[in-house]
Amino acid sequence: MGPDVEYVRVRVTADPENWEGHGGAKVGEELILAKDLFKEVIRHHCEEIETFPGSDLIGRSYEPLFPDAVDRDGSETAWTVIGADWVTTTDGTGVVHTAVMYGEDDYNLGMEVGLPAQHTVGMDGAFLSGTHPSLDGRYVKDCDTTVIELMHDAGLLYREKMYLHDYPHCWRTGHPLLYYAMDSWFVRMTAVKEMLLEFNSEVEWAPDWVGEGRFGEWLRNVKDWAISRERYWGTPLPVWVCNECGHQHCVGSTEEMASMAKEGSPVAEDLHRPFVDDTILVCSECNGDMKREPFVMDCWFDSGCASFAQWHHPFGEEGKFENNFPIDYICEGVDQTRGGFYTLLAVSTTVFDSICYKRCLSLGLILDAEGKKMSKSKGNIVDPWDHFNREGADATRWYMVTAGAPWNPMKFDPNGVRETYGKMFLTLWNVHRFHADYAALDGFDPATSPKGNTTPLDDWVLSRLAEVVEGTTKQFEEWDFHKACRDIEEFVVNDVSNWYVRRSRRRLWDEADSDDKLACQHTLHKVLVTVCKLMAPVSPFMSDTIHRNLEGVSVHLADWPEADEVDKEIIETMALVRELAETGRRIRVDADRRQRLPCAEGWIVSGPDLSAFHEILAEELNVEIISLEKDLDRFQRVEVVPNRRTLGAKCRQDLPAVLQGIEDGESQAMLASIEAGNLVIAGYEIGADDIELRRVEREGYAAQTVQIADSSVSLVLDMSDSPELLSKGLARDITRRIQASRKDMNLAIEDTIALNVWMKDSPELFTPDKEWIISETRASSANFNSGEGEGDSFEVDGATIWFTVSRS
RNA sequence: GCGCGGGUAGCUUAGUCGGCUGGAGCACCCGGCUGAUAACCGGGAGGUCGCAGGUUCGAGUCCUGCCUCGCGCACCA
């Protein structure tokens with residue numbers, strides 16, 4: 001009973017209105033239970049006799065329910081009321097019948113107060129004979145009804161009630177389990193608790209809260225380690241016990257075992273069971289025969305020994321252990337708190353007085369796409385081989401690293417692997433192929449080819465590379481693998497492939513050797529080699545293949561890259577250039593001017609010096625020339641627009657007339673009048689509050705402004721047309737269509753074609769633009785005709801174009 | 001029951017010391033570009049930042065409670 005729980009003694013005064021199941025009570029009978037549970041339990045009409053704390057009854061004796069089940073065995077406390085502070089009044093009666101051998105609390109209590117420690121159930125789960133004639137030999141879980149009936153018949157049962165509660169089951173078979181007190185060997189871990197805590201504080205944990213929180217909590221509550229197991233397979237417990245005097249000896253080596261062996265006894269060569277069990281030792285105390293304890297050791301003990309066992313220490317491993325202890329880094333799932341993390345520390349603490357790992361990364365679990373734990377029996381597992389075979393191990397690994405922080409649980413999304421494969425790995429491979437194909441064609445050798453002179457584009461990508469090396473190295477060191485890899489991916493896809501390579505294609509197409517081409521090849525070579533080094537720890541296969549192709553040796557033998565100096569200015573400048581290139585496309589969409597139709601001029605208004613990239617920008621924007629202009633007013637004018645809210649209140653039904661007046665008025669003149677305070681439209685005085693100002697492009701221009709750090713830069717495009725521009729635009733469109741045809745026909749880049757073009761209602765196509773088409777499309781012959789033609793056709797700006805392409 | 005960590009668009013996620021209109025990718029819709037690769041660019045649609053309170057001039061962010069998911073621990077008489 002709970003010593004501090006309030007109990008009540010009641011007397012039954014009348015029968016209940018209804019009753020279900022076994023049990024019962026007669027009028028006049030007395031019952032004792034926790035006062036809080038009276039309403040829950042009692043169905044009879046009762047009168048309260050007295051209330052008292054549980055401590056009042058401690059020591060009082062009672063008649064056992066099954067008198068023959070357990071021997072008193074001299075116990076003073078058997079069948080007396082005992083106090084226990086874990087007794088609750090949340091369910092039941094507040095009175096607990098303890099079963100010493102079948103629960104940890106019960107066992108501890110029984111040992112504390114001296115209850116007989118006798119089994120009533122065998123290892124087979126059946127009642128031992130002598131428990132009760134109706135129960136003996138029967139599996140305990142089958143006896144619930146019998147027990148209830150026996151107690152009912154003896155008049156010892158008040159009520160029966162079904163209720164749900166948790167119960168342990170075998171995780172594999174689902175069969176119910178019994179708690180069962182049995183002999184075990186323990187390692188007294190509680191004796192080294194302070195050491196465990198001290199050593200743990202020397203370990204660098206990622207994330208730190210697992211070390212301090214979850215694992216620290218586990219250590220603060222450390223229990224003695226039940227190390228023996230009743231299994232056949234496993235590391236035999238090296239303890240022998242004397243049959244005569246009970247002396248116990250733990251053998252420390254094979255030599256010691258051999259030296260203690262009884263004459264004539266086999267000495268096990270193979271230390272596994274069953275051979276080792278045959279070895280009989282001589283007792284050092286009484287010369288009696290000693291037999292090995294039948295247990296093997298918890299297999300987690302073997303895991304905990306990894307720090308030295310992997311080197312076969314202490315058996316002449318020539319310093320391998322000393323050189324690798326404690327190890328720099330281990331990494332396991334967070335569910336290994338009591339497994340790997342703990343047993344490694346437990347063994348090294350008790351055996352070596354030391355930590356055995358300096359850093360520990362606790363990984364989040366991998367869950368299925370719905371966030372449930374993967375389980376073979378539930379069938380929600382992902383077979384990694386599906387992805388290895390489809391997207392490759394590299395993409396699978398890269399996806400898993402970039403999907404989130406390593407310590408967070410991860411919802412594995414097969415789609416994400418696909419995405420990583422397409423985006424990162426195909427892109428990287430294509431960049432490599434692009435470089436390698438031309439390098440091979442040109443006989444490029446990174447070691448001997450002249451360096452060439454780098455362009456600002458090269459300088460930019462090398463600076464970005466340096467920035468990525470510096471940043472990701474730091475992130476790797478600080479456990480932020482996911483951030484590092486996301487940055488590498490961003491660099492490869494966005495900077496290298498989508499900008500550097502795209503902007504460099506024409507440099508490598510040049511068939512003649514050139515300084516510029518060499519600079520580009522050296523740059524690409526360095527970028528690829530360095531990227532391979534950065535990603536090698538995460539995706540070891542493609543990085544190694546590319547590295548071997550480029551450098552002839554494995555990336556895994558290379559040193560980690562050192563960051564070159566970062567030119568922040570060029571990085572910022574290029575960011576602006578790219579922003580402006582995108583802005584140009586936005587302007588064209590808004591102004592409804594197709595991308596292929598060139599503009600005569602583009603102006604950059606204010607902002608930093610971008611002259612190094614004017615050529616790139618001109619191509620991206622498809623403008624003939626980039627110019628600088630200080631005065632935005634050259635392209636924009638201020639326009640007065642009405643403030644309908646104030647004007648509506650003022651003019652009411654005359655508003656349309658006023659709006660019309662404002663629309664018809666000249667903005668500059670109206671502004672001047674407002675300033676002078678004398679603008680009157682349709683009889684109403686118009687003040688500054690009645691209008692708003694809007695900047696609009698002057699006729700023939702389109703502009704947009706981008707914000708950078710502390711200022712703004714505007715881009716203005718000339719929207720005017722000319723015969724020359726229309727001709728160039730037409731040439732672009734024709735070329736584009738022919739190139740698509742070439743691709744559809746699977747022509748190789750060096751193949752030549754015979755070309756025929758017919759143009760109807762088109763602007764004039766000037767000779768230089770015809771020549772440009774011929775050269776771009778590798779036409780060995782070309783005819784440009786007027787009027788309707790044959791073959792494929794398309795329309796552009798009101799013109800209709802036909803063309804035929806054939807291999808020549 | 002106790003402890004640790006999550007919950008942000010249909011999905012995966014970023015979000016710094018509390019501070020501008022909560023960013024991005026996938027998928028979707030519209031448009032563009034491409035000898036440019038499962039690529040790229042512009043635009044659109046899509047948000048109760050798990051719920052409820054509180055602190056604050058201001059909360060996705062800090063505090064409290066609750067719901068929910070994952071893990072660990074304990075209990076299951």
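Per chain, numbering begins at 1; letters A, B, ... match sequence-line order. All figures in this text were calculated on a predicted structure; none of them were measured in a lab. The figures that follow rest on heavy atoms only: side chains count, while hydrogens, waters and symmetry mates do not.
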_Under 4.0 Å, counting only non-hydrogen atoms across every strand here, what does A/Trp218 touch: a base, just sugar-phosphate, or nothing?_
sugar-phosphate
Hey, does the side chain of A/Thr131 reach the backbone of A/Phe127 with a donor-acceptor pair shorter than 3.5 angstrom?
no
(Q) Taking 4.0 Å as the cut-off, does a side-chain nitrogen or oxygen of A/Arg578 come that near to OP1 or OP2 on B/rC41? (A) no
How would you label the contact of A/Gln739 with the nucleic acid (heavy atoms, under 4.0 Å): base, sugar-phosphate, or nothing?
-> base
Looking only at B/rC73, B/rG15, B/rU34, the nucleotide nearest the A/Arg732 side chain is B/rU34
Provide the distance between the two P atoms, one in B/rG44 and one in B/rC62, to the nearest whole Å. 32 Å
Acceptor/donor pairs from residues 415-423 of chain A side chains to any protein atom, 3.5 angstrom cut, sequence neighbours excluded:
residue  : atom : partner  : partner atom : Å
A/Arg418 : NH1  : A/Glu391 : OE2          : 3.4
A/Thr420 : OG1  : A/Gly416 : O            : 3.0

* Asked: Can a side chain N or O of A/Arg433 be found less than 4.0 Å away from OP1 or OP2 on B/rU37?
  -> no
- Task: Select base, sugar-phosphate, or nothing to describe what A/Ala403 touches, counting heavy atoms under 4.0 Å on all strands.
- Result: sugar-phosphate
Using a 4.0 Å heavy-atom cut-off across all strands, classify A/Leu747 as base, sugar-phosphate, or nothing. base
Expected list for residues 425-432 of chain A near RNA chain B, using heavy atoms below 4.0 Å, is A/Leu426, A/Thr427, A/Asn430
Query raised in the report: Using atom C1' of each nucleotide, how far apart are B/rC66 and B/rC20 to the nearest Å?
Result: 33 Å
Is a side-chain N or O of A/Arg578 found less than 3.5 angstrom from the main chain of A/Trp499, in a donor-acceptor match? no
**Asked** So what does A/Arg220 touch, heavy atoms closer than 4.0 Å: a base, only the sugar-phosphate, or nothing?
**Response** nothing
| message | Measuring to OP1 and OP2 of B/rU37, would you say a side-chain N or O of A/Lys743 lies under 4.0 angstrom away? | response | yes
*Could you check whether A/Ser497 gets within reach of a base, just the sugar-phosphate, or nothing at all, counting any heavy atom under 4.0 Å?*
base
Quick note, A/Lys423 side chain, CB onward, closest among B/rC40, B/rU12, B/rA14 is B/rC40
- Message: Taking atom types as they are modelled, would you say the side chain of A/Arg418 forms a donor-acceptor pair with the base of B/rA38 within the 3.5 Å cutoff?
- Response: yes
Counting only Watson-Crick and G-U wobble pairs with both atom distances below 3.5 Å, the stems of 3 or more consecutive pairs that include RNA chain B are B:1-7 with B:67-73, B:10-13 with B:23-26, B:28-32 with B:40-44, B:50-54 with B:62-66
Requested in this report: May I ask you to say what A/Phe215 touches in the nucleic acid, namely base, sugar-phosphate or nothing, with a heavy-atom cut-off under 4.0 Å?
Outcome: nothing
Between A/Thr427 and A/Ser497, is any side-chain donor less than 3.5 angstrom from a side-chain acceptor? no
_Is it the case that the base of B/rU34 and the side chain of A/Arg736 share a donor-acceptor contact (distance under 3.5 Å, atom types as modelled)?_
yes
